[in-house]
Amino acid sequence: MTTTTHKSACPLDCPDLCSLIVTVEDGRVARVDGDPDAPFTDGFVCGKVRNVAEHLYGDDRVRAPMIRVGPKGAGELREATWDEALALVVEKIAAARARHGGEAILPYHYGGSNGWLTEGGTATRFFRRLGASRCLRTLCAAPSGEAVRGLYGKVPGVALEDYAHAKLIVLWGMNPSATGIHLVPVIERAQAAGAKLVVVDPRRTPLARRADLHLAVRPGTDLPVALAVVRALFDRGHADLAFLAAHARGTDELRARAAEWTLERAAAEAAIDVGDLERFVELYAALSPAVIRAGWGLERNRNGGSAVAAVLALPAVAGKFGVRGGGYTMSNGDAAWAVGPEPGIAEPEPASRAINMSLLGEALASAAPPVEVLFVYNCNPASTAPDQAAVLRGLARDDLFTVVHEQVFTDTCRWADVVLPATAFLEHREIRRGYGAMRLYDRPAAAKAPGQARSNHDLFGELIDRMGLARDGDPRTEDEIAAAIFGAADDGARLRRELDLHGVATPPAAAPLLFVDVVPALPDGKVDLCPAALDAASTHGLYHYQPDPGSARFPLALISPAIAQQISSTFGQLRRAPAAVELSPDDAKARAIADGAAVRIWNDLGEVVCKAKVSPHVRPGVLVLAKGLWRHHTANGATSNRLIPQGLADLGGGPVYNDSRVEIARL
Ligand SMILES: Nc1nc2c(c(=O)[nH]1)N[C@H]1C(S)=C(S)[C@@H](COP(=O)(O)OP(=O)(O)OC[C@H]3O[C@@H](n4cnc5c(=O)[nH]c(N)nc54)[C@H](O)[C@@H]3O)O[C@H]1N2
Ligand SMILES: Nc1nc2c(c(=O)[nH]1)N[C@H]1C(S)=C(S)[C@@H](COP(=O)(O)OP(=O)(O)OC[C@H]3O[C@@H](n4cnc5c(=O)[nH]c(N)nc54)[C@H](O)[C@@H]3O)O[C@H]1N2
Ligand SMILES: [Mo]
């Protein structure tokens with residue numbers, strides 16, 4: 001047996017961006033470990049990636065191209081050659097384009113892998129050059145992205161490593177125990193050194209159990225809570241007026257919009273104890289450095305964008321910037337880097353129509369001109385997109401031609417006309433920048449893919465050729481794309497040198513302090529606490545609270561966060577255990593639901609049949625059913641998305657996963 005080890009990096013959609021040591025035996029990945037020498041990764045990785053070999057070599061791996069033979073949704077396909085499958089794809093794309101123009105083709109992709117070779121590059125060039133519909137990539141982070149850019153512009157927040165310096169850490173709608181595990185030991189060490197921890201989350205998450213204060217807010221009520229804190233900070237003389245005068249604009253407007261929210265009124269709306277909210281104000285005013293880790297749980301409702309904005313206004317109001325470990329962290333993605341994928345794409349965005357991916361069901365039902373070709377890659381919409389019944393109705397259309405480029409036979413593949421086998425990370429080169437850990441990697445493949453899998457780069461390169469879309473001067477090979485990316489960046493030569501030497505590079509300032517080393521990336525360098533652009537873009541005006549969408553028929557809030565065993569739909573084929581919906585002992589008792597009972601959860605959109613888990617960690621009025629489930633996880637093949645409306649958050653066109661309101665009963 002020959003055994004080799006390789007350095008790699010995990011490109012899956014996660015802030016931690018782990019540095020990996022991959023053990024390859026006889027050409028197959030045998031083990032994946034965290035690189036003990038890499039900062040932040042610190043020698044450990046999540047359970048899922050450690051077991052990635054099961055994903056790479058399991059029965060569900062797509063090994064050859066396949067063409068549908070049975071009815072849509074039946075998952076009956078036959079093997080085909082690459083040549084036959086691609087000829088069919090090209091024929092369908094060309095015919096749809098001839099009938100209605102490029103807009104009849106919809107590329108549908110999110111963050112299966114976050115790299116510039118699988119996500120950007122050649123794939124994006126192909127669809128832009130076709131004049132295809134533009135896919136607005138809103139499944140995640142759209143409201144929070146718009147809010148943070150509105151207030152601060154593109155600047156990095158507090159580096160996760162710098163949480164070590166904090167005296168107060170606030171996790172607001174964020175559950176790092178499942179979704180960013182490398183922050184957990186940093187928090188634990190800070191706590192051991194005396195830092196206080198506050199968690200704002202409807203669930204008693206693992207860190208909430210170890211927190212000094214847990215505000216178990218009703219889903220969607222963070223906006224009044226944060227505005228009440230703003231008001232109280234001013235009223236009690238805790239606002240940093242000198243900082244605000246020098247570094248902020250929009251302060252009076254924020255204050256005016258917060259005026260209606262007393263602590264009492266906000267606590268009542270959020271159904272939390274007003275004494276706890278008082279305590280939060282006092283802790284936040286008293287302790288410094290104080291850092292708020294804003295998560296994505298905050299944005300997934302009708303008030304999400306305004307809620308993120310109000311939470312991110314707090315460190316400015318209370319004057320928490322200027323010290324290491326003080327301020328906020330949202331996403332540190334593109335804000336820290338001058339380098340990006342655009343030069344590798346080498347094709348400007350066309351003016352074609354934009355389709356919001358969160359409204360896929362609606363788009364497939366009624367877009368004009370119709371979507372006739374749906375091309376899915378890096379994504380699993382049959383499982384992950386809102387209003388699952390509408391999505392499946394759309395995918396079942398006989399006049400829709402669906403192509404899915406995938407590693408494993410996902411639920412979306414069951415509705416495909418053509419399935420194309422994709423390489424997985426470790427089987428292709430990838431260039432990837434972190435959005436939590438501030439690092440950039442360029443790592444080669446560590447092993448060969450089983451079967452006939454091809455990378456996104458390869459596949460879309462061939463489609464460009466087959467459709468006659470290649471142009472002289474295009475960066476074509478992976479090396480040429482990389483050269484275009486780094487050649488165009490101010491700092492590109494240094495980054496390239498670091499990558500060549502170490503396989504990893506850091507931004508010019510690895511952990512800059514906001515208002516010390518950098519200022520908000522807005523024209524006047526100030527934080528804008530009530531940006532006119534957000535006010536105009538927001539569906540109801542910035543900081544305007546929309547009340548709970550519950551009704552007498554559907555009083556319970558169904559939320560679908562990541563849980564430790566299921567973070568996205570990736571690797572869902574490996575998890576065979578049936579899903580359970582968690583509910584509070586009170587709600588269970590009122591409905592005579594015993595732990596482990598079979599239950600039905602329903603609203604006007606459909607129903608989910610699964611098991612119940614009675615949990616003291618869920619607040620009354622809330623049900624928890626993990627995101628990323630597959631059909632096989634529930635008794636009726638429906639996931640939480642079956643119950644989620646195609647509504648939109650107040651900013652960014654993001655979905656409102658946690659605005660689902662339902663009833664539950666024993667079967
Ligand atoms: N290893 C690994 N890590 C990942 C990923 C992965 O695939 N693998 N995926 C990544 C991705 S794509 C994302 S988006 C992040 C998500 O990471 P998180 O930000 O942790 O997102 P969620 O799990 O959606 O929600 C976080 C918390 O918000 C709570 N919550 C729900 N509604 C509300 C509300 O209205 N208010 C408040 N205050 N809290 C609420 C939930 O109970 C949950 O505990 O994780 C990333 N991390
Ligand atoms: N109910 C509910 N639904 C949600 C959420 C929620 O909170 N509640 N959260 C949402 C969030 S935060 C996110 S980020 C989305 C994620 O939803 P999706 O974007 O659908 O992400 P995944 O579920 O990870 O599925 C990604 C797929 O891409 C494939 N893939 C990975 N790498 C590659 C590659 O290199 N090439 C190709 N061709 N394919 C690849 C994987 O095998 C996987 O099947 O889900 C959203 N859905
Ligand atoms: Mo996400």
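Residues: numbered from 1 along the sequence shown. One-based numbering, in listed order, for ligands and for the atoms of each.
In this view, Val45 and Cys18, Leu20, Arg50 satisfy the side-chain contact (heavy atoms from CB on, under 4.5 Å) rule, not counting sequence neighbours.
At the top of the distance list for atom 35 (O) of ligand 1, counting protein heavy atoms only, stands Gly220 N, 2.8 Å. Closest protein heavy atom to atom 33 (C) of ligand 1: Gly297 O, 3.2 Å. The nearest heavy-atom contact from the protein to atom 9 (N) of ligand 2 is Lys627 CD, 3.3 Å. When only non-hydrogen protein atoms are considered, atom 23 (O) of ligand 1 lies nearest to Ala562 N, 2.9 Å. Counting only heavy atoms of the protein, atom 15 (C) of ligand 1 lies nearest to Trp296 CE3, 3.9 Å. At the shortest separation from atom 1 (N) of ligand 2 among protein heavy atoms lies Ser560 OG, 2.9 Å. At the shortest separation from atom 44 (O) of ligand 2 among protein heavy atoms lies Glu406 OE2, 2.4 Å.
Which parts of ligand 2 touch Tyr110 is read off a 4.0 Å heavy-atom cut-off, strictly below it: atoms 14 (S), 19 (O). Each of the following atoms of ligand 1 lies closer than 4.0 Å to a heavy atom of Gly173: 19 (O), 26 (C), 27 (C), 28 (O), 37 (C), 38 (N), 39 (N). The contact set between ligand 2 and Thr410, taken as ligand atoms under 4.0 Å from a residue heavy atom, comprises 44 (O). Atoms of ligand 1 found under 4.0 Å from any heavy atom of Trp172, numbered from 1 in the order shown, are 38 (N). Those atoms of ligand 2 that come under 4.0 Å of a heavy atom in His405, given as number and element, are 37 (C), 38 (N), 39 (N). Interface of Asn641 with ligand 2, defined as ligand atoms under 4.0 Å from a residue heavy atom, comprises 1 (N), 2 (C), 3 (N).
At least one heavy atom of Cys379 sits less than 4.0 Å from an atom of ligand 2. Within the structure, ligand 2 lacks Gly628 among the residues with a heavy atom less than 4.0 angstrom away. At least one heavy atom of His428 sits under 4.0 Å from some atom of ligand 2.
Checked by distance only, ligand 1 and Val200 come closer than 3.5 Å through their nitrogen or oxygen atoms.
Looking at Arg661 and Asp548, a side-chain N of the basic residue comes within less than 4.0 Å of a carboxylate O on the acidic one, giving a salt bridge.
Residue Asp201 holds the heavy atom nearest to atom 42 (O) of ligand 1 of all those in Asp201, Thr384, Ile563.
Of the protein's heavy atoms, none falls inside 4.0 Å of atom 21 (O) of ligand 2.
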